[in-house]
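Below, chains carry the letters A, B, ... as their sequence lines are ordered, and counting in each starts from 1.
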Number of protein chains: 2
Amino acid sequence: MRNATNPMLKRLSALVSLTDVDVELLEGLAFEMREVSAGEWLWHEGDSADSLLVVSEGWGCSARYLSDGSRQLLATYLPGDILGIFELLSGVRRNDVSMLTDGRVCEYPHSSVFTLLAASNRVRSALFVIANQQQAILAERLVSVARRNARESLAHFLCECRERLLEFLPDDVDGFQLPLSQQDLADALGMSTVHISRTFSALACQGLVRRHHFHMVILDPQRLAEMADFDDHYLNCDKRILATNKPVPFTEPSAAEWLPSTDYVPKGPHVAEGDEPTASS
Amino acid sequence: MRNATNPMLKRLSALVSLTDVDVELLEGLAFEMREVSAGEWLWHEGDSADSLLVVSEGWGCSARYLSDGSRQLLATYLPGDILGIFELLSGVRRNDVSMLTDGRVCEYPHSSVFTLLAASNRVRSALFVIANQQQAILAERLVSVARRNARESLAHFLCECRERLLEFLPDDVDGFQLPLSQQDLADALGMSTVHISRTFSALACQGLVRRHHFHMVILDPQRLAEMADFDDHYLNCDKRILATNKPVPFTEPSAAEWLPSTDYVPKGPHVAEGDEPTASS
DNA sequence: GATAAAAATAAACCTACGTTATCGCACCAT
DNA sequence: ATGGTGCGATAACGTAGGTTTATTTTTATC
């Protein structure tokens, strides 16, 4: 199966219906696969950016480091996720990005990506959609940190991870590898490590999850989602729209006739190099 | 001055160097100016989206409403800001958006925007850059809420507002209208109204700011920025890049030779219809 | 296996916040 | 005047979660 060899093609074809020409272009796309190991920096803020990255295996994350030595995780990157989309334009890395696990990463030089983008508006749209998804995840994280308590916040994060991993998981198991240490989780959710620990205990007591090392088992996905006020819409709405055979809107002149029907009703109440990427200074 | 009549043209021409053709296209762009009043909803999550909006006068905001009745502001929109970029693709509004003040809003139907986007990669790039800026602001807010204490967080927000308003302000004054109630600020920063009040008092005591009703005076911008760990880079880096006469990268084949030099060095340590949009249920 | 380093847990303590409540003020309507 | 409403300030009190330190468990390395 040819899709498997090229992570970009794999990801985009899952998101939009590509034309044969698009597929051809993607197959001809120059890229370089790189082995990376846990803790390795992929780049730093301010570095010059000349490639787009697709995670092929393992997990990565981007983070902001503050002057007091603490850090805030801004995003996690799972297999298939694309990094550095916005940096196509600026040519400068905006955040520090490092690997959470060993893995493999696929590098596409900007020059060849530009060629591709110029040739295919499907691909352009797909990247745009992916940027949109990433922003939605970021917004939801803000909501978690700002408004939810520790249990809700952690539960929400776990639901999100499960949902994003779902396509890789066998149907009959609710367990998966979550390669974030409690320090990483704390940095992602704006909490302290000890409170992450406490909160895991609390969730375990309620029979919602079980965690052993880096292995998570969601015992009761539904109750967990309820307590977290988790609604997978923000992760999946774009998939639904673009996985169909409809043409792709962005830069397409006459799009009005196939605008998606709005079958979704929200539940809200408005009726009314070198060193390791750790936090310690 | 023709730029003034069309907010989109005004905004984009400040960001990228448009060709004469681009300007012509933008001038011919169909739009509709609408008067809006404080508290008015522009749209709700789940609504079908068929237009791009540019704020012409006044302030707006987007927010997520949680099932417990609380809300989280996700973004504020100032004159010149563009709303609904990502919704070009999905055709569905993702958040609730309302006005914080009376103002005017400029509506560009998707159909005409598609035509424009198909014709001009400069415009495409500009919208992409704006989406990027919005994401940067969102990320910085997450950092504030997750990692900074109340004083730092509020100070950072004030610095951000000042910086975004700077082009509209006379050089000799450090005061401006900040049309957010303490409730709005609380909803933006993940705090309670009383603590916003306390924190303002604290900042005022330190001689950093003065606030009266909706009028803010930043008494000591530099000290305020220091205490907030505020670095305007995230707001201005794209401006620097695109305000030059360089061609625009996105979808341009051969971009390598004019990639911007990386002169920036980060300071981090690594070596429902009708009702008012309020939070109370 | 032995040892060291990293990760998780636990307990004690503390504080930056949230919550609730009261009050003042400005504005508007009757 | 009177009452209603929205915004803001202040005080008293409670708590979720931070901090610190110590102990245990797990992983990694040889």
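Not a single side chain to side chain donor-acceptor pair (under 3.5 Å) links A:His213 to another residue, sequence neighbours left out. Shown here are the side chain to side chain contact (heavy atoms under 4.5 Å, CB included) partners of B:Arg210, two or more places apart in sequence or in another chain: B:Val217, B:Leu219.
Side chains of A:Arg94 and A:Ser62: no donor on one and acceptor on the other come within 3.5 Å. Inspection of the B:Thr193 and B:Gln183 side chains reveals no N or O donor paired with an N or O acceptor under 3.5 Å. A:Asn236 and A:Glu163 are linked by a side-chain donor-acceptor pair at a separation below 3.5 angstrom, with hydrogens and angles left out of the test.
The two residues B:Arg11 and B:Asp81 make their nearest non-hydrogen contact at NH1-OD1, 3.0 Å.
Sorted by first then second residue, the side-chain hydrogen bond (donor to acceptor under 3.5 Å, both in side chains) pairs that include residues 135-157 of chain B, not counting sequence neighbours, are A:Arg64-B:Glu140, A:Gln72-B:Arg147, B:Glu140-B:Arg148, B:Glu140-B:His156, B:Arg141-B:Glu160, B:Ser144-B:Arg148, B:Arg148-B:His156.
At whole-Å resolution of the value, CG in B:Leu178 and P in D:dC7 are 14 Å apart. For the pair B:Asp184 CG and D:dG6 C1', the interatomic distance rounds to 12 Å; values are reported in whole Å. Residue B:Asp68 contributes atom CG, which lies 14 Å from atom P of C:dG18 at whole-angstrom precision. Here D:dG17 presents its P atom at 15 Å from CG of A:Leu185, a figure rounded to the nearest Å. Computed from coordinates, the A:Phe200 CZ to C:dT9 P distance equals 9 Å when rounded to whole Å.
Between B:Gln182 and D:dG6 there is no side-chain N or O to OP1 or OP2 distance below 4.0 Å. For C:dT9, one of the phosphate oxygens OP1 or OP2 lies less than 4.0 angstrom from a side-chain nitrogen or oxygen of A:Ser197.
If you check residues 204-221 of chain A against DNA chain D, the residues with a heavy atom closer than 4.0 Å are A:His213, listed by number.
A distance of 10.0 Å separates CD1 in B:Ile137 from CZ in B:Phe157, rounded to the nearest 0.5 Å.
When distances are taken from the side chain of A:Asn149 to each of D:dG17, D:dA9, C:dC17, the shortest belongs to D:dG17.
Looking at A:Arg93 and A:Glu45, no side-chain N of the basic residue comes within less than 4.0 Å of a carboxylate O on the acidic one, giving no salt bridge.
Taking the six-membered ring for Trp and thresholds of 30 and 60 degrees, A:Trp41 and A:His44 have ring planes inclined between 30 and 60 degrees apart.
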Using a 4.0 Å heavy-atom cut-off, write out nucleotides 18-23 of chain D from 5' to 3' as B (base contacted by protein), S (sugar-phosphate only) or - (no contact). BBB---
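Atom CD of A:Gln222 has 12 or fewer neighbouring heavy atoms from other residues, nucleotides or ligands inside a 6.0 Å radius.
In the helix from C:dG1-D:dC30 to C:dT30-D:dA1, the end axes, each obtained as the rotation axis mapping the C1' atoms of four pairs onto the next four within a five-pair block, lie 40° apart to the nearest 10 degrees.
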